[in-house]
Amino acid sequence: MHALYLVIAAACVLLIGYRLYGTFMASKVLAVDPRIVTPAKRLEDGHDYVPTNRWVTFGHHFAAIAAAGPLVGPVLAAQFGYLPGALWILIGGVLGGAVHDMVVLFASIRHDGESLPQIAKKEIGPVTGVAASFAVLFILLITMAGLSIVIVNALNTNPWGAFTVGMTIPIALFVGIYMRFLRPGKLGEASIIGVVLIFLAVALGPMIKNSGLAFFFNYSSKAIEIALPVYAFIAAALPVWLLLAPRDYLSSYLKIGTIGALAIGIIAVNPVLNMPPITKFVNGGGPIIAGKVWPFVFITIACGAMSGFHSLIAAGTTPKMLESEKDIKIVGFGAMLMESFVAIMALIAASVLPVGDYFAINTMPAVFSHLGMHVDKLPMLSHLIGVNVAGRPGGAVSLAVGMSYVFSSVPGLSHLVAYWYQFAIMFEAVFILTAVDAGTRAARYVVQDMIGVVIKPFKKINWWPGAIISAALVSFAWGYLLYGGNISTVWPLFGVSNQLLASLAMVVGTTVILKSTGRIAYALTTFIPFVFLFITTLDASYFNVTKVYLPQHMILNTVLSVIMAILALIIVVDAVIKWGNLLRDRKSLQAQKVRHQAIVRELAAK
């Protein structure tokens, strides 16, 4: 099949989903109200609570949620063929992921921008609040390690890529200062300057690579594994306007622009999807993902369809920046569907590669030699890129090669393969870093809240000593996991923990909707995705523990998996008890239903 058909189908599904289902969720289920003053304005402190332009907020949110997941997950899941991944991205994105993100963002705004565990404690009970705090913290640490390991594989002994990615940090700092002090409100100017500087960094890459300066950017994997948590510590402790917001804003539109260019390239070239719709690995035994297509396609493709990590941003930094509730739809629902389109593009980029080339990149040479496959264009592409791209698992490299393959097929652009590749690596790494610094910041909030139970000043998230100590603890913890892990040990654990968190967020969302609307039918918008994902994820966790971790004596992975499953079960049982109590109180439920309908009619009239 030609890739163009899949691009058109995906765009239509996502646009219709946003227009119809997104509007239904915003106007009928949640009844978002622009008249309500958001926490960003009501609690403005210049550090964490900062009212921010809607498009900057969209850029931050999209960049923070759309990290490695929609880029790497679909690439790895292409092992099963392109069809299972494409179906889950489109169906899961509209009915699950976008609803998840929007509902959590709404709930956090209505709870003063509080984190998911704090919301869970108030909406369900103290048992759930404590269990959710530990679950979120474990999952955040695993997520940071899982995302970061992709950067390690992409930048290892790659001075061009390391220089380009490194330069995005001072560029973001400059743009943050520019927008706040030098030219306040001049968003267009700051955007143009930032984008030009980023492209200049890519263009200067070859000069750095071939000069004496290459030594300063030629890092081993271990050096990168140390540098990443150090960077995250600094980013998590700094004010949000200085590094986090401008970096996310710039990288967001860079990502949208790049994916748009890839879509145009696919339309122009209209390549054939060399990966079959379904491969023999749907029954398990694959060299990249050992399990069967169910449940592992739903675990591997996390952020592209539905991701618990998103709840930590939607109930972390974003609600502290949103200026008006009317922006909940575009930021919560819209950013997720944009991410689903990114995931489709990544799936296509991997699927247009010759099958042998795809597996040669995503497996180590010793494993590939037993697959009975042969490479096709890989030696030529490695020569043109100037980097041996075989045996670089993790998805990032195969995506960059796939994008380079598409762009190089456009007439007149074949001589720029090396630039396309390094640009794609930079593009991926920058987005992973935005999720790493936003996730570390979200984990900092959780740690401060937990320590604050004993040491009261920690409860104030803008208290500098608490912020620095918490950021250091978080960065060290996930840095330890990163330093001792690899893609085969960390990514499956990330996938399972991530989807467990999505299930828990849907539990909270179901409770919020049931209490605020009084309608069981509306609560099903989150309850049905929760049931499907919870069962799927527990099955995947059981497979990992019994078939992978224990046979390979991976004790830490086993312990973390069991702890997260127990915490998830505690939260679900507590929530079911809460739901039962709500449903039995029919009088209060009916009264809330009448109040909600009145608000919906009033807002519609305006």
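What you see is a predicted model; the values in this text were computed from it and never measured. Just so you know, these numbers use all the heavy atoms, side chains as well, and skip hydrogens, waters and symmetry mates.
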Item to check | Derivation of the side-chain contact (heavy atoms from CB on, under 4.5 Å) call for Leu482 and Val152 | outcome: CA-CA 9 Å; Leu482 172 66; Val152 173; 4.3 Å; yes
Checklist entry - Would you call Pro529 and Met306 a side-chain contact if the rule is heavy atoms closer than 4.5 Å? => result yes
Next on the checklist: Among Asp327, Thr52, Val331, exactly one meets side chain to side chain contact (heavy atoms under 4.5 Å, CB included) together with Met321. Which residue is that?
Outcome noted: Thr52
Checklist entry - Just wondering, do Glu325 and Arg110 contact through their side chains at under 4.5 Å, heavy atoms? => result yes
Next on the checklist: Taking Gly96's backbone N and O only, do any of them form a donor-acceptor pair with His100's side chain (distance below 3.5 Å, no angle check)?
Outcome noted: no
Checklist outcome for this item: Between Ile89 and Gly304 the two heavy atoms that sit nearest each other are CG2-O, 3.7 Å
Checklist entry - Just wondering, are more than 12 heavy atoms of other shown residues or ligands nearer than 6.0 Å to NZ in Lys121? => result no
Checklist entry - Between Leu322 and His61, does a side-chain contact (heavy atoms from CB on, under 4.5 Å) hold up when you go through it step by step? => result CA-CA 10 Å; Leu322 207 71; His61 186 77; over 6 Å; no
Checklist entry - Any chance CG of Leu4 has more than 12 other-residue heavy atoms, nucleotides or ligands included, within less than 6.0 Å? => result yes
Checklist entry - Taking everything shown except Met338 itself, do over 12 heavy atoms lie less than 6.0 Å from its CE? => result no
Checklist entry - Which heavy atom of Val508 sits nearest a heavy atom of Ala120, and at what distance? => result CG2-CB, 3.9 Å
Item to check | Heavy-atom pair with the smallest gap, counting every atom of Ala78 and Ala350 | outcome: CB-CB, 4.4 Å
Checklist entry - Are the side chain of His596 and the backbone N or O of Lys28 linked by a donor-acceptor pair below 3.5 Å? => result yes
Checklist entry - So do Thr525 and Tyr21 actually touch side chain to side chain, heavy atoms under 4.5 Å? => result yes
Checklist entry - About how many Å separate CD1 of Ile289 and CD of Gln79, when rounded to the nearest 0.5 Å? => result 5.0 Å
Checklist entry - According to the interplanar angle, ranging from 0 to 90°, do the rings of Phe333 and Tyr18 count as parallel (below 30°), tilted (30 to 60°) or perpendicular (above 60°)? => result tilted
Item to check | Nearest non-hydrogen partners of Ser541 and Val496, listed with the distance | outcome: CB-CG1, 3.6 Å
Checklist entry - Is the backbone N or O of Pro34 less than 3.5 Å from a side-chain atom of Lys326, with the two atoms forming a donor-acceptor pair by type? => result no
Next on the checklist: Quick one, Ile344 and Val7 - any side-chain contact, counting heavy atoms below 4.5 Å?
Outcome noted: no
Next on the checklist: Tell me the closest heavy-atom pair linking Trp88 and Ile301, and the distance in Å.
Outcome noted: NE1-O, 3.3 Å
Next on the checklist: Within the structure provided, determine whether Ile142 and Trp478 are in side-chain contact (heavy-atom separation under 4.5 Å).
Outcome noted: no
Item to check | Asn557 side-chain N/O to Tyr549 backbone N/O, donor-acceptor pair under 3.5 Å | outcome: no
Item to check | Intermediate values then yes/no, side-chain contact (heavy atoms from CB on, under 4.5 Å), Val94 and Ile16 | outcome: CA-CA 9 Å; Val94 174; Ile16 293 171; over 6 Å; no
Checklist entry - Out of curiosity, Ser497 OG to Ile299 CD1, how far, rounded to the nearest 0.5 Å? => result 9.5 Å
Checklist entry - With sequence neighbours excluded, what pairs up with Asp449 under the side-chain hydrogen bond (donor to acceptor under 3.5 Å, both in side chains) test? => result Gln118, Lys459
Next on the checklist: Assess the residue pair Phe309 and Leu501 against the criterion (side-chain contact (heavy atoms from CB on, under 4.5 Å)); give the C-alpha distance rounded to whole Å, side-chain angles, the decisive distance to 0.1 Å, and a yes or no.
Outcome noted: CA-CA 7 Å; Phe309 177 74; Leu501 179 57; 5.6 Å; no
Checklist entry - So with a 6.0 Å cut-off around NZ of Lys292, is the heavy-atom count from everything else above 12? => result no
Checklist outcome for this item: So CE of Met1 and CG of Leu83: to nearest 0.5 Å the spacing works out to 8.0 Å
Item to check | Residue pair Val572 / Phe530, side-chain heavy-atom distance below 4.5 Å | outcome: yes
Next on the checklist: I want to check something: taking the side chain as every heavy atom from C-beta on, are Ile520 and Leu583 in contact at a cut-off of under 4.5 Å?
Outcome noted: yes
Checklist entry - Does a side-chain heavy-atom distance below 4.5 Å link Thr317 with Ile313? => result yes
Next on the checklist: Between Tyr358 (side chain only) and Gly402 (backbone N and O only), is there a donor and an acceptor less than 3.5 Å apart?
Outcome noted: no
Checklist outcome for this item: Closest non-hydrogen contact found for Glu339 with Ile65 is OE2-O, 3.2 Å
Item to check | Ser311 side chain vs Gly308 backbone, donor-acceptor pair below 3.5 Å | outcome: yes
Checklist entry - Side chain of Gln499, backbone of Leu533: donor and acceptor closer than 3.5 Å? => result no
Checklist entry - Do the charged groups of Lys578 and Glu123 touch, with an N to O distance under 4.0 Å? => result no
Next on the checklist: Taking the ring centre of each residue, are Tyr522 and Phe24 less than 6.0 Å apart?
Outcome noted: yes
Checklist entry - When rounded to the nearest 0.5 angstrom, what is the spacing between OG in Ser133 and CE in Met450? => result 5.5 Å
Next on the checklist: Surrounding CZ of Phe134 (heavy atoms of other residues, nucleotides or ligands, distance under 6.0 Å), is the total greater than 12?
Outcome noted: no
Next on the checklist: Quick check for you: to the nearest 0.5 Å, what is the distance between Asn283 atom CG and Phe80 atom CZ?
Outcome noted: 10.0 Å
Checklist entry - Is it true that a side-chain atom of Ser108 and a backbone atom of Leu105 form a donor plus acceptor pair closer than 3.5 Å? => result no
Checklist entry - Taking Thr510 for the side chain and Met506 for the main chain, is one N or O donor matched with an acceptor at less than 3.5 Å? => result yes
Item to check | With Leu312, the side chain to side chain contact (heavy atoms under 4.5 Å, CB included) member among Val136, Thr318, Val104 | outcome: Val136
Checklist entry - Just how far is it from atom OH of Tyr82 to atom CD1 of Ile278, taken to the nearest 0.5 Å? => result 9.0 Å
